[in-house]
Amino acid sequence: MKTSALERFLRYVTIDTRADEASSSCPSTPGQLELARMLVAELVALGVADADVDANGYVMATIPASPGLEHVPALGFVAHMDTSPEMSGTNVRPIVHERYDGRDIVLPDDPTAVLRPADDPALAARVGDDIVTASGTTLLGADDKAGVAAIMAAAERLITSRDIEHGPVRICFTPDEEIGRGADRFDVARFDCAYAYTLDGGGRGELEYESFSADVLTVEFKGFNTHPGYAKGRMVNAIRVAADFIASLPRRELTPETTDGYQGYVHAYDVIASVDRTEVKVLLRDFVTAQLAMQKMLVEARAREAADAHPGCAVTVSVKEQYRNMREVLDRHPEIIERARLAMRRLGLEPVERPIRGGTDGSRLSFMGLPTPNLFAGEHNFHSRLEWVSAQDMDLAALVVVELARVSSS
Ligand SMILES: [Zn+2]
């Protein structure tokens with residue numbers, strides 16, 4: 001079944017909405033506001049009277065309930081408008097490969113960028129679909145404009161098909177998810193939904209309701225710098241202490257390179273180094289929040305051992321919470337997951353349920369009072385110039401939204 005998702009998607013990806021971590025404004029880049037205004041105009045044209053964008057670039061809109069179902073608790077759908085800062089999003093040129101024939105896809109603006117079904121089972125499984133790629137020098141922006149397009153197509157369907165019975169449906173498009181700020185200024189009270197779903201996932205059927213719990217730990221080593229020619233007995237090199245510390249961290253287990261599934265890790269990922277002062281940032285990740293305290297104890301002990309081995313070196317350790325496993329909230333609301341399974345099965349899709357080895361806006365929204373698991377939108381090869389999406393998957397994602405609106409009122 002076709003929706004307007006593809007046509008909308010091709011329009012949205014041409015607007016550069018790359019997020020910028022260096023910016024302190026919200027949204028971090030003006031293109032996101034441009035897309036926000038376009039979406040509000042399209043919603044108003046569809047007849048969604050209250051669509052608006054707030055001062056921080058969040059788009060919110062309501063599709064009123066069918067007559068007699070106004071009392072049903074409102075259900076929300078959320079997608080993010082920004083794209084990853086890791087890859088250019090300027091002058092995205094989407095290419096539709098109609099009825100994909102299963103051969104390698106060479107992207108014309110850089111022939112070294114090749115999508116090979118032999119290396120990409122998800123792509124091989126979509127032979128016959130209409131596949132959309134970028135042209136080789138930019139990302140596509142399917143993450144998460146596929147989610148935006150699917151929600152917009154579903155909104156159109158809900159408004160124009162009077163035979164679909166549903167409760168109130170709320171929509172929110174957020175800025176700056178890719179730089180971890182998507183939930184920062186999300187006005188949960190104004191959104192006023194009992195629960196919501198993000199559409200920001202991969203292949204058809206994907207249903208995600210477990211994420212990591214995440215902290216970031218900062219270790220600061222203070223050494224002493226002096227002219228290296230006259231440093232005997234005086235210099236304390238903080239870089240050497242930090243190197244000892246990093247070398248002492250686990251390496252055959254508890255690392256990103258050696259873990260998958262439900263295994264957690266500690267990950268030293270950033271160093272600002274000088275003889276006088278060296279700072280090491282370490283990610284702590286586990287599905288069980290209590291394990292983060294064990295990880296902190298381990299990392300802190302190694303940092304102190306390294307400092308103790310270098311007299312004159314001082315060390316401080318600090319931890320900042322990032323997000324928590326949404327399952328801790330969603331376990332109290334099993335009906336939210338059950339409805340997603342039911343909606344998919346009614347469309348002939350078998351739910352594919354996997355833990356997210358990362359976080360989503362939903363990880364934080366769930367703890368802000370809005371339980372929010374994640375659904376597929378058809379996105380693949382996130383943040384890469386090899387990003388692609390199947391038009392048929394976007395249509396299915398839109399139909400899942402419509403079906404969920406129906407299921408939630410029954
Ligand atoms: Zn995303």
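Note that ligands are numbered from 1 as they come in the structure, with each ligand's atoms numbered from 1 the same way.
Using cut-offs of 30° and 60° on the angle between ring planes, the pair Tyr262 and Phe287 is perpendicular. Aromatic ring orientation, Phe191 versus Phe186: perpendicular (interplanar angle above 60°, classes split at 30° and 60°).
Residue side and main chain included, Asp200 places an N/O/S atom under 2.8 Å of the Zn ion (ligand 1). Residue side and main chain included, Glu178 places no N/O/S atom under 2.8 Å of the Zn ion (ligand 1).
Side chain to side chain, Thr137 and Asp110 fail the donor-acceptor criterion of an N or O pair below 3.5 Å. With no hydrogens or angles considered, a side-chain donor-acceptor pair links Asp143 and His80 at under 3.5 Å.
Per residue Asp143, closest N, O or S atom to the Zn ion (ligand 1): atom name OD1.
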